[in-house]
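On a predicted model such as this, the values are computed, not experimentally measured, just so you know. Below, read A as the first sequence line, B as the second, and so on, with proteins coming before strands; counting in each chain starts at 1.
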Amino acid sequence: MAEAPLWIVLGRVDGAPVAALLDSAGEEQERVSLSDDRLPSWVADREAAGPRWVWSDATPWYTRLLAAGVRVGRCHDLRLCHAILRDSALVVEAPSLRAAAEWDAAPVAEVEETATLFALDDAGGATGAPDGLDETLEEFRRQRAALAEASDPGRLRLLLAAESAGALIAAELQAAGLPWDAAAHDRILTEILGERPAGGGLPARMQDAADRVRRELGDPAASLDSQPKLLRSLHRAGVLVESTSRWELAQHDHPVVAPLIEYKKLSRLLSANGWAWVDEWVHDGRFRPVYVPGGVVTGRWASSGGGALQIPRQLRGAVRSDPGWVLVVADVAQLEPRVLAAMARDEKLADAARGRDLYSGIVDSGAIDTRQHAKVALLGAMYGATTGESGRLVPRLRRAYPRAMALVDDAARVGEEGGVVSTWLGRSSPAPSSGWRDSQLRASEAEASGADETRARRWARDRGRFTRNFVVQGTAAEWALSWLADLRGRLAELPPVTEAQTSPRSGPVFEARPHLAFFLHDEIIVHTPEDRVDVVVDAVRDAAASAGRLLFGSFPIDFPLDLKVSRTAVKD
DNA sequence: TACTGGTGCGCG
DNA sequence: AAAGCGCGCACCAGTA
């Protein structure tokens, strides 16, 4: 009997899906012609042997499978992995990847209407990654070769697996959706803004705030939504601000300030997450945002549409589990400094991080006097603060935690010099732009003007702050992906619940089992049947511990979770 | 009418 | 108008 294929590569030939089965040596064993209709059941059959599915881009392939009720365990997302390998400083064989520019493809958004998914024609103008079978196989070979030659293939393999798992999770999060109670959302809006206006007017409380602002400005026609006009009105009223930002307004003692800040708050809520947002984004009790894995240079996810990663805390009460289900809401306390301690092998910082609150740990160690100062100093160290309270406090941190601080200081120096830095698993920062390099070059010439030098120095420092933060933010993203991927595996092993407990709005794959419902950098929400909550909580915690070991081995760093079980996602 | 850039603010 | 990183989105104004 033939060995079960390790990889199954999916691609299209003359528009129809074809599968190429590869053995452990990467040799093709067999080729199977399929159709879009037959693909899901064929994949489901093959999934039993646990292959890694290789495809151009998880979004189009996996979204269709999920809609047909088929889940897979592992994949290799060529588009995402291409971007990592192409830029990674650990990869020696990058030129051939760079030459394959057709794989530098932007993510394509998948439409939501599941019924029409299979009818979609890729020729609809979207420019995604190539999905022809030959091109797909060729790119997979290139990536395998690049990996084999890499200076630390083990780390990169972890990164590619985590990134690809993220691609699966993003599609699954969208398919399952975040349980969203439109009626609760409406109650929150009504309480804060006033009744939803029937016509074109403003909600009552917003109108009231606007009236008070105009009265205090002595300008009944003042425009509150146009920054230049508002600025002029403020100046006429004697409020000499340079901008209309909340921060600057709050510095001034004038009766217009309070109502104006209130108006801006209400206006923001209405325009970003008001009734129009609910109408557009919440359907059938679910908010289904479009996640963009790897959408940020550091490896963090981005989102597109719906402002999925910017849901205001005020509206967390609208996130409500289905009847008989609950939410497990968990986030990591101070993820980035913990990751920094582990990367730098800084045992003193790791000691301060032990237990719950890292900032208090720093205070207890005697390095800094108050929790607030410890927080400001540490953020300043990771972001590159040079002035203000933060800038003043950083040197104390440097004395107390020299290893950790040396890591970020080195990253900043490399960035200022035009170099490339990398995360723990090997995602590298982009090289400086040609404009940046030109500016540094010009400033170093004998005839450089003072302005040239000033600009070059500013740009160098800007880039230094970017690379300083890149290593920490990017490694934190790797930890979070590992946590998610591990948790996803644990949840998939739980037995499904009985039909009476199913929640069809989560889609065919997730209606009968605990599933991830939300992810935001260092926070996850799991939607689970009530009677599974204990095992889910254990899974969330075990996955966090496991992610720490996967990245940092036996280095003694804790990743404690703030975890709550509740019908809503409210945070305190 | 469609675009781009600036501003401001939500999230981590 | 943040200091000090990374994003997305709404809105307005200016321009093509």
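In this structure the side chain of A:Asp57 never reaches within 4.5 angstrom of the side chain of A:Leu80, judged on heavy atoms. The side-chain heavy atoms of A:Pro293 and A:Glu163, taken from C-beta on, include no pair separated by under 4.5 Å. Here the side chains of A:Leu224 and A:Arg214 are in contact, with some heavy-atom distance below 4.5 Å.
Mapping A:Leu309 and A:Ser245 onto DNA chain C via the closest heavy atom, the residue that lands nearer the 5' end is A:Ser245. Nearer the 5' end of DNA chain C, as judged by each residue's closest nucleotide, is the contact made by A:Ala385, out of A:Ala385 and A:Ala272.
In this structure, A:Ser243 does not reach the B:dT7 phosphate: none of its side-chain N or O atoms is under 4.0 Å from OP1 or OP2. Phosphate contact (OP1/OP2 of C:dA13, side-chain N/O of A:Gln227, threshold under 4.0 Å): absent. OP1 or OP2 of C:dA13 sits under 4.0 Å from a side-chain N or O of A:Lys229.
What you find for A:Arg316 and A:Glu523 is that their closest heavy atoms are NH2-OE1, 2.7 Å.
Residue A:Thr386 has its side chain nearest to C:dG4 when only C:dC12, C:dG4, B:dC11 are considered. Here the side chain of A:Asn469 is nearest to one of C:dC5, B:dC9, C:dG4, namely C:dC5. Which of C:dG4, C:dA2, C:dC11 sits closest to the side chain of A:Asp225 comes down to C:dC11.
Nucleic acid contact class of A:Gly384 (heavy atoms, under 4.0 Å, all strands): sugar-phosphate only. Using a 4.0 Å heavy-atom distance criterion, A:Gly306 is classed as a sugar-phosphate-only contact. Using a 4.0 Å heavy-atom distance criterion, A:Lys264 is classed as a sugar-phosphate-only contact. Nucleic acid contact for A:Arg246: sugar-phosphate only, since backbone atoms but no base atoms lie under 4.0 Å from a heavy atom of the residue. Within 4.0 Å (heavy atoms only), A:Gln473 reaches at least one base atom of the nucleic acid. At the heavy-atom level, A:Leu269 lies nowhere under 4.0 Å from the strands shown. Nucleic acid contact class of A:Val297 (heavy atoms, under 4.0 Å, all strands): sugar-phosphate only.
A:Gln372 and A:Tyr359 share no donor-acceptor pair across their side chains, judged by distance under 3.5 Å alone. Judged by distance alone, the side chains of A:Thr467 and A:Ser429 never bring a donor and an acceptor atom under 3.5 Å apart.
To the nearest angstrom, P of B:dT7 lies 17 Å from CG of A:Leu260. Taking atom CZ of A:Arg268 as the reference point, atom P of C:dG8 lies 14 Å away to the nearest angstrom. Going from atom OH of A:Tyr383 over to atom P of C:dG6 covers 10 Å, rounded to whole Å. In this structure, CG of A:Leu230 is placed 11 Å from P of C:dA13, rounded to the nearest angstrom. Rounded to whole Å, atom P of C:dA3 lies 8 Å from atom CZ of A:Arg465. Atom CG of A:Leu270 and atom P of C:dA10 are 12 Å apart (whole Å). Following rounding to the nearest Å, A:Lys265 (NZ) and C:dA10 (C1') show an atom-to-atom distance of 18 Å. Taking atom CG of A:Leu234 as the reference point, atom C1' of B:dG8 lies 14 Å away to the nearest angstrom.
At a cut-off of 3.5 angstrom, counting only N and O atoms as typed in the model, there is a donor on one side and an acceptor on the other between the side-chain of A:Gln310 and the base of C:dG8. Between the base of B:dG12 and the side chain of A:Arg300 there is a donor-acceptor pair shorter than 3.5 Å.
C:dG4 and B:dG5 have their P atoms separated by 25 Å, given to the nearest Å.
For the ring pair (Phe, Tyr, Trp, His ring centres under 6.0 Å) test, no residue two or more places apart in sequence or in another chain qualifies with A:Tyr263.
The partner of C:dG4 cannot be assigned: no Watson-Crick or G-U wobble pair with both contacts below 3.5 Å exists in any strand.
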